[in-house]
**Student:** 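Sharing a structure with you now.
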Amino acid sequence: MQAAFAIIAALTLVSAIAAMSLRNLVHCALCLAVAFAGLAAMYLQLDAQFVGFAQVLVYIGAVAILVVFAILLTRSGQPVPHSVVSRSWIAGVAIAVLVFCVLTRVILSSSVSQRSLPAKPSPTVREIGNQLMTWYVLPLQVIGLLLTAATIGAVIIAMNERKSAGGDHRVTADQGHGHGHLAAPTGLNEGNATSIASETGSESPAHYPQPEREREVLAK
Amino acid sequence: MIIGEFFRGLFLMIWRVATDQPEAKADLLAVFPPSARPVISAVLTVSPIIGIFATLFALTTLLERKGLGRIQNRLGPNRVGPFGILQPVADGLKMLTKEDIIPRSADALVHFLAPVVLAVPTILAFAVLPYGRNLVPVDMDAGILFFFAVGASTELAIFMAGWSSRNKYSLLGAMRAIAQMISYEIPLIISSVSVIMIAGSLSPVEIIAQQGRYLAGGFVPHWFVLTPWGLAGFIMFLIASLAESNRSPFDIPEAESELIAGHLTEYSGFKYALFFMAEYFGMFAVSGLAVTLFLGGWHAPFEFLEIVPSYVWFFAKLMGLVCLFIWVRGTVPRLRVDQLLNFAWKFMLPLSLLNLVVAAVWHFTAAWEFPGAGLGRWLLGAVMIGVPYVWLGRALSGSKKITQRTYRFAD
Amino acid sequence: MFMETAIDTPESKYEILPKTLSNGEMDGELLEVAMGPQHPSTHGVFRMDVVLDGEKVVKLKPVFGYLHRNHEKIAENTTYLASMPYTDRLDYLCSMTNNWAYALSVEKLAGLQPPERAEYIRIITGELTRLVNHTCLVGFLLQDMGALGTPLMYAFREREMILDLFESLSGSRMMCNYMRFGGCRVDLPAGWLEQAKRAVDSYSGFLDEFEKLLTENEILVARTQGIGVLPPDLAVNASITGPMLRASGVNYDIRKVDKYGIYDRFEFRVPLGDHGDVYDRYMIRLLEMRESVKILNQALRDIPAGPIVDPKAKLRGFRPKVGEAYGRIEGPKGELGFYLISDGTPNPYRYRVRPPSLINLTVLEDMCLGQDVADVVIILGSVDIVLGEVDR
Amino acid sequence: MLGEGIIKGMVETARNFVGSYSDPERLTTVEYPEDKIPAKENARNFPFLVYDGDDAARGLRCVACQICEKECPPKCIYIVKSKDKKPDYIGKPQFYPAVFDIDVSVCMSCQICVEVCPFEAIKMDTEFELSNPDRFGGLLQDKHRLAKSNEYYHKIHETEAAEVDARLAAEKAKAEAKARADAEAKAAAAAKAATAAATPKPAPNPTTVAPAK
């Protein structure tokens, strides 16, 4: 049990560090997914099936996907050209060590560590559901409301963006990267439409009826 | 002595599995020292599952090619072995002996990991399905949740494959795949939630147990598919599972006429075979779940047929669904990606949410006692789901002025 | 390890280079994709350089010429007769109509008049070719739409019957090389007319089956209606011809306009579309096939006996008098014309093809802008090109 | 627009699925190496040279006139005319091809050589299984490989060969009659030798080829 925990913990930590330090954003996101999986494994090790599976479903199935999707849509997963570590890394490390020491001190001296652990609960899904729907129903509703509001906000922002971005893509694309310009066939719009009209007119006698609309078109 | 015990245990195990008896592995495990038993037990459970589904995979590829051939008025593969039944072997050998090409600019590690990451969850999904009366690999309290959790993690693998290939078609295919799978996961889950709600359990074994009764003298099974919400849920589940397993008409991530092969473009040899296998395994898994949730799992359609071993029914239903998938594949053209997403969000999602309400109404009208209550309940549910179906269908096609057209003729 | 600086690795050459807009806004990134020349649905060696914003096409540049084989120059360096088999290879699905158009222009040049039976045979083979071409087109269009070969296989099943007819008539299934200046090469073999009648009779059944299979299919309708709209004025200005033009609602069919051959003796209608989208182009072809079946029934009923070649025509030492001629027919894909200048020698002085595929392809970008990648494939499919004719 | 179109389509595919078992007419393909579709009588593939009698070297009808070489669109025929002459089927001394090569990899099976040949010497074969490990030599067919007997020609193009034979026989009879008449005339009146001027020419085939002038 201890060994399994050690392996999972090490894997989670290493991938979390990698998620912070790798230069390629997609690699970072994938490492983050591994870290999420490690967390889920820990929950499962604690016999918390529901939380473990929900972790996989939500974090790997949705959050990690969302992250890589965002990366794809914005930067195409290009590695950043410079190092991800800032110049003042010594100060950062110092602060981190300091915070770690403080936290350790506080935790060790708190009364929580002296208390003996309660008996391990083994909640079934049914119990979790009952709890959520009775005792925790208000927080659940509040969270639902919050998420709905966030979703609506995101939709509104996206709709505004689309409205402002609706220009003539073709022109911008040409300006964007002087691509070999194709002689635009639309130019034919201004061309003379009379050639076919006269040809059909001369070669097809009057008993060759054409619908009204076509006459208009050809006469244009 | 030990060897004799071992073979006796092995024989007993096979006998008990074949005759639907519980505790099949007990005698065989008793041969081994207690510390080795968990591992042996796991091996005894896992290897038949992988073996059976690998065989089923081979058979299905043949069945698919033969069936599509017949649908298209061709003969289908008929060269390798009698009637071509050894075709999957030949395909497998070909796949294994082909050169494994990694593009020069590909991200080699991710490119290598993607098929592995895809294959593992698809096989894991088989862990919670009950194959027969006493054949459940892992009887888990949150089994359905487990199934969806591992199913969700396949998306990442497809993204890895598409991104690491450094091919534009792969990338487009991966983006399509993710968008599609996320969109269809929601109706997939919600349409199964109605079953979970009625059954009051996330455990597949419990859900099957609730469908084990028979009505009308043993001739009408108490399957959820025979209720209005169950039928609607089953159809939506099937459509969503077609999309989840990237089958036609939702095969847009690997639409060969547009994106060559989507995320599979740069894969060859064994890795390609792994992707291919994972796709079929995914199809089996999701069909297995559909059988479990809606078609009564391993229960026979009529009570007197319960004497047939239960796993026969499970696999018969599974293959029936697979044949339906093949039939659909042979008929319909492919949707476009935006239509696909529109369909998911504007049609499937509202309808599956509504189906939850229908299921709730069904649950609360169970107490109706007046004559004809059963029929009334059924009709109420059917109307509640049928009217929005027609309305949403009209709205979906009417929004773009899609109509039947008439044509003019000039003399 | 964390301090390593960025090195310009050789891989960066192969990166998918994102193209941002000139104003530098994060307005989605443009992806350039070269669809073709090795792509499953470009109908031959054809390339489209597509610039995508997400999946929307913002720019499309058709690149062709991969199959150029100097058809016109070769024709100017061989005799008139020796060009005939080369015309088979222009639009290799419709060799009969290619032969016909070329024979027609040479006949104009040399003043030959095919006898009546030959004209009937030409109409029968020409309309059978139209059936072949449209059948292939709808099959391939649905294949591009991802219908996994089922419609294509049904289409090929029917096409096979007509190709059998062509084989027993001309000796070859696709490269018929059948028409000659002033008539046809061989007379119909015994029993051919009955066989043709059977094939034509079963064709309506096939069309019904095909329509039942797909025309009402929701997916097909949703995929094709409103996609790749070609407005009639643009179609006329870009000199689009054939079913594509008629799908845009312009009533222009050379069979009616020119009445070449003996088309004025036949009763048939010209279907016209109102929207000019992919669905209309698909439907116009299906309807045209039904009209072709009508023409075929009349022609098979009325075909007279008689000679099949103008007695003035000669095979060896053919030298038309000095002059020029342009012969055109309503090919299955549009107006197919041959322009010839004779200087009195056995070889044409100038030989020019007016290929419908190429000219219909010029509006590809206009139809594709703002559509999805998936639509580009079916729009290209609905234009109905054969690269042998586009590149020549 | 509620899915009935898809259901209709699925019924149609199911009908075809069942039909492919019950109605073998629907299956258009044959299992190739075992079954073959019999060649149509008009079928053409690559040219061959016809010879009369048993000896391919002596009976070849070709007189190396090189018309086919000139008319061949892709120029795949190569002929070298012989120095000497040998008698043809009429008995008249003619040149014969010392070399007659056809490069099958260039040939496009257009049948123009057959149409322009005044001597019915080159015809189209229906053999299509010409795959060969040697892409150069294996596909370059010389006179000996091209020569096939008149019986073979009869076997593959029955009607056409019968017409050709009748025509040749008529010509031969005409030529013999003429020769006999010439001989008689010569014997009767050597001074009137001027009447034997016209050369035999092939009779025009009213259905296949326009007459050559």
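Just so it is clear: chains get the letters A, B, ... in the order the sequence lines come, proteins before strands, and each one is counted from 1.
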**Student:** To the nearest 0.5 Å, how far apart are OG1 in B:Thr331 and CD1 in D:Ile7?
**Tutor:**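 Here the rounded value is 11.0 Å.
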
**Student:** Would you indicate whether B:Phe83, at its atom CZ, is surrounded by more than 12 heavy atoms from other residues, nucleotides or ligands within a distance under 6.0 Å?
**Tutor:**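 At most 12 heavy atoms, drawn from other residues, nucleotides or ligands, come within 6.0 Å of this atom.
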
**Student:** Just wondering, more than 12 heavy atoms not from D:Glu127 lying within 6.0 Å of its CD?
**Tutor:**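 Yes, enclosed.
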
**Student:** Do D:Arg15 and B:Ile71 have side-chain heavy atoms sitting under 4.5 Å apart?
**Tutor:**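 SC-SC contact between D:Arg15 and B:Ile71 ruled out.
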
**Student:** Looking at B:Arg79 and D:Glu34, is any side-chain nitrogen of the basic one under 4.0 Å from a carboxylate oxygen of the acidic one?
**Tutor:** yes

**Student:** Taking atom NZ of D:Lys81 as the centre, does the number of heavy atoms from other residues, nucleotides or ligands within less than 6.0 Å exceed 12?
**Tutor:** yes

**Student:** Between OG1 of D:Thr29 and CG of B:Asn78, what distance do you get to the nearest 0.5 Å?
**Tutor:**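 Those atoms lie 8.5 Å apart.
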
**Student:** Please report the shortest heavy-atom distance between B:Asn73 and D:Ser20, naming the atom on each side.
**Tutor:** OD1-CB, 3.8 Å

**Student:** Flag yes if more than 12 heavy atoms outside D:Tyr152 fall under 6.0 Å of its OH atom; otherwise flag no.
**Tutor:** yes

**Student:** Strictly distance-based, threshold 3.5 Å: is any side-chain N or O of B:Arg70 a donor or acceptor partner for the main-chain N or O of D:Phe17?
**Tutor:** no

**Student:** Just so I know, are the side chains of D:Glu31 and B:Leu75 near enough to count as touching, which here means a heavy-atom distance under 4.5 Å?
**Tutor:** yes

**Student:** For D:Asn16 and B:Gln72, test the side chains for any donor-to-acceptor distance below 3.5 angstrom and give the result as yes or no.
**Tutor:** no

**Student:** Counting heavy atoms not belonging to D:Lys148, are there more than 12 under 6.0 Å from its NZ?
**Tutor:** yes

